[in-house]
Protein chains: 2
Amino acid sequence: MVAEFERYIKENLKLSGGDLKLMLSVAVERIVRRKQLLLEEGEVCRHKIFICKGLLRTYRTREDGSEHVMMFSPETWWATDPESLNNQTPSLYYIDALEDSEVLLWTKKDFDMLCAQIPALKAYSEKLISINLNLGRQRIFSALSATAEEKYDEFVASYPNIFARIPLHMVASYLGVSLKTLSRIRQAQLKR
Amino acid sequence: MVAEFERYIKENLKLSGGDLKLMLSVAVERIVRRKQLLLEEGEVCRHKIFICKGLLRTYRTREDGSEHVMMFSPETWWATDPESLNNQTPSLYYIDALEDSEVLLWTKKDFDMLCAQIPALKAYSEKLISINLNLGRQRIFSALSATAEEKYDEFVASYPNIFARIPLHMVASYLGVSLKTLSRIRQAQLKR
DNA sequence: TAAAAATAGCGTCAAATGTCCGCATTTTAC
DNA sequence: GTAAAATGCGGACATTTGACGCTATTTTTA
């Protein structure tokens with residue numbers, strides 16, 4: 001499990017062997033089965049999660065029980081609820097596994113320590129935050145301005161790998177349209 | 001114009017007088033007339049903007065010319081395109097003034113220098129980024145799950161001050177609904 | 001101050017979307 | 001291996017939303 005993380009760090013962060021060892025020394029390996037929860041609404045988020053293998057989903061529910069997918073996190077991505085993690089406040093989100101997965105976990109305290117010790121990690125974290133900010137803006141713009149079909153095409157084009165691995169009703173949930181609408185779009189595209 | 005900024009800094013950042021002077025020494029004061037642009041699509045964003053007085057709008061257009069409001073920035077808020085500013089890439093956004101406004105400008109270079117010199121400013125910037133990230137998530141969730149009326153109510157409740165100062169068609173644009181839909185919602189609410 | 005532009009409401013019609021239902025197939029779990 | 005659950009399609013119908021055109025009022029600008 002650790003091998004994937006080492007490859008990721010070496011490719012993207014170019015840390016020294018010592019720094020890598022330091023990161024791993026405070027990481028917890030964990031295997032998550034499909035459908036298992038890593039974070040639940042109301043709970044304080046305890047970890048920063050790196051996905052070595054598998055696929056996680058972050059979602060939120062409404063009072064009526066409907067689920068709305070905020071994010072999919074496949075291997076070599078991260079997941080957490082930064083708001084809950086940073087402020088130690090109850091989370092609004094759920095994180096669960098869509099596939100049996102292997103993840104690494106860091107507590108906030110340990111990760112803060114790592115950032116303080118390893119400037120390159122701190123810099124990389126900031127870069128990831130800014131990428132997330134941009135992705136968020138792009139998604140908002142898309143939600144404001146695009147048709148359901150445009151959003152669907154955009155999703156398939158941007159995340160072909162993820163798309164192939166998740167049920168359509170979750171794609172619909174991520175896009176903010178009903179499964180019915182998604183079905184119609186796909187049906188119409190087939191006929192072309 | 002500088003008085004508003006000083007008050008803001010003292011309330012939120014508690015900088016020393018020297019640090020405040022340093023910030024002001026590299027800031028440029030500027031008056032922006034209503035409808036004037038501070039950033040245009042295709043241009044590289046040059047500044048971080050603090051609004052002392054007035055109201056700015058950040059928006060993006062589609063090929064068909066439609067405008068979609070990403071953000072309103074009233075006094076004591078900030079505006080910029082961080083993606084363009086940080087990477088020195090052409091921006092996708094426009095920033096213009098909805099009211100005659102007074103702003104302070106910093107170049108990326110100067111602001112980076114300030115962050116390096118003033119740890120409290122660096123920390124505050126990071127805090128603002130994380131707040132923005134959360135606001136973005138909240139808006140995405142709202143776009144995915146809320147009805148037009150719920151989004152409208154949420155906006156009025158969250159930003160009563162801004163709401164009273166902008167035309168309805170811009171509220172509609174911010175919410176991602178047509179002006180017609182917004183009219184209908186308001187009409188229905190009046191009848192209750 | 002007068003002309004022009006912006007703002008916002010309304011009616012009508014058409015298109016898009018959602019809900020509810022059942023059904024068939026595939027996948028999962030015990 | 002079998003029962004149960006998940007997945008996804010499709011029909012019928014109602015609702016929501018948008019597009020277009022028109023108008024009245026307010027605001028801006030010259």
Side-chain angles (χ1 to χ4, degrees), chain A residues 32-37 54-55 57 59 62-69 72 96-101 142-153 155-156 162-192, chain B residues 32-37 54-55 57 59 62-69 72 96-101 142-153 155-156 162-192:
Chain A
V32 199
R33 300 244 156 261
R34 196 169 102 93
K35 296 190 183 177
Q36 214 177 326
L37 285 169
L55 181 58
R57 167 183 66 149
Y59 66 98
R62 282 177 57 109
E63 316 73 40
D64 64 7
S66 58
E67 296 182 355
H68 303 272
V69 177
F72 298 106
D96 69 357
L98 299 185
E99 302 172 356
D100 292 346
S101 303
S142 185
L144 295 183
S145 68
T147 64
E149 181 163 20
E150 287 166 339
K151 286 183 248 184
Y152 169 68
D153 289 343
F155 181 77
V156 176
I162 294 172
F163 174 72
R165 293 155 70 183
I166 55 179
L168 286 181
H169 70 267
M170 288 191 189
V171 177
S173 166
Y174 180 89
L175 298 179
V177 302
S178 68
L179 174 59
K180 178 75 192 180
T181 296
L182 192 54
S183 285
R184 281 196 266 241
I185 289 167
R186 288 162 54 82
Q187 204 49 36
Q189 292 190 348
L190 273 182
K191 285 180 186 159
R192 290 183 213 147
Chain B
V32 200
R33 299 241 156 264
R34 196 169 102 92
K35 293 190 184 178
Q36 215 177 326
L37 285 169
L55 181 58
R57 167 184 65 150
Y59 66 98
R62 281 177 59 108
E63 318 73 41
D64 65 7
S66 58
E67 296 181 355
H68 302 273
V69 177
F72 299 105
D96 69 357
L98 299 185
E99 303 171 356
D100 293 345
S101 303
S142 185
L144 296 183
S145 67
T147 64
E149 181 163 19
E150 288 166 339
K151 286 184 248 185
Y152 170 68
D153 290 342
F155 180 77
V156 176
I162 294 172
F163 174 72
R165 292 156 71 183
I166 55 180
L168 286 180
H169 71 268
M170 289 190 189
V171 176
S173 166
Y174 180 90
L175 298 179
V177 303
S178 68
L179 175 58
K180 176 76 190 177
T181 296
L182 192 52
S183 285
R184 281 197 266 240
I185 290 168
R186 289 161 53 81
Q187 203 51 36
Q189 292 191 347
L190 273 181
K191 285 179 186 159
R192 289 182 213 147

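Hydrogens, waters and symmetry mates play no part in the numbers below; they use all other heavy atoms, side chains included. Throughout, protein chains are lettered first and strands after them, A, B, ... in sequence-line order, and every chain is numbered starting at 1.
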Q: Measure the distance from CG on Leu98(B) to C1' on dT28(D) and round it to the nearest whole Å.
A: 15 Å
Close N or O pairs between protein and nucleotides 7-13 of chain C (under 3.5 Å):
from    : atom 1 : to        : atom 2 : distance (Å)
dT7(C)  : OP2    : His169(B) : NE2    : 3.3
dA8(C)  : OP1    : Leu168(B) : N      : 3.3
dA8(C)  : OP2    : Leu168(B) : N      : 2.6
dA8(C)  : OP2    : His169(B) : N      : 3.4
dG9(C)  : OP2    : Ser183(B) : OG     : 2.5
dC10(C) : OP2    : Gln187(B) : OE1    : 3.4
dG11(C) : N7     : Lys180(B) : NZ     : 2.9
dG11(C) : O6     : Lys180(B) : NZ     : 3.3

**Q.** Distance, nearest 0.5 Å, that separates CG of Leu190(A) from CD1 of Ile185(A)
**A.** 12.5 Å
Q: Give the rounded distance in Å between these two atoms: CG of Asp100(A) and P of dA29(C).
A: 9 Å
(Q) Using whole Å, what does the distance between atom P of nucleotide dG8(D) and atom CD of Gln189(A) come to? (A) 16 Å
Q. Hey, is the main chain of Val69(B) close enough, under 3.5 Å, to the side chain of Arg57(B) for a donor-acceptor pair?
A. no
Q.
Looking at every heavy atom in both Ser173(B) and Glu67(B), which two are closest together, and how far apart are they?
A. OG-O, 3.1 Å
Q: Would you mind telling me which of dG18(C), dA6(D), dA6(C) lies closest to the side-chain atoms of Lys35(A)?
A: dA6(D)
Q) When you measure from the side chain of Gln189(B) to the backbone N and O of Arg186(B), does any donor-acceptor pair fall under 3.5 Å? A) no
Q.
Is any side-chain heavy atom of Leu98(B) closer than 4.5 Å to one of Met170(B)?
A. yes
Q) Distance check: side-chain N/O of Ser178(B) vs OP1/OP2 of dG18(D), anything under 4.0 Å? A) yes
Q.
Rounded to whole Å, please give me the gap between CD in Glu150(A) and C1' in dA16(C).
A. 13 Å
Q: Return the value, rounded to whole Å, for the distance between atom CZ of Arg33(B) and atom P of dA30(D).
A: 12 Å
Q: Describe, in one word, how the ring planes of Phe163(A) and Tyr152(A) are oriented to each other, choosing from parallel (under 30°), tilted (30 to 60°) and perpendicular (over 60°).
A: perpendicular
Could you list the protein-to-nucleotides 14-16 of chain D atom pairs, N/O on both sides, closer than 3.5 Å?
none

Q) With distance as the sole test, does Ser101(A) use its side chain to make a donor-acceptor pair with the main-chain N or O of Glu99(A) at under 3.5 Å? A) yes
Q) Does Gly54(B) offer a backbone N or O that forms a donor-acceptor pair with the side chain of Arg165(B) under 3.5 Å? A) yes
Q. So, does Asp100(B) use its side chain to make a donor-acceptor pair with the main chain of Arg34(B) at under 3.5 Å?
A. yes
Q | Nucleotide dA15(C), atom P - distance to CD of Glu149(A) in whole Å | A | 16 Å
Q | Net bend of the helix from dT1(C)-dA30(D) to dC30(C)-dG1(D), end axes of five pairs each, nearest 10 degrees | A | 70°
Q) Within the side chain of Ser183(B), is there an N or O that forms a donor-acceptor pair under 3.5 Å with the backbone of Leu179(B)? A) yes
Q) Rounded to whole angstrom units, what separation is found between the NZ atom of Lys191(A) and the C1' atom of dG10(D)? A) 10 Å
Q.
How close do Ala146(B) and Lys151(B) get, counting heavy atoms only, and between which atoms?
A. O-CE, 3.4 Å
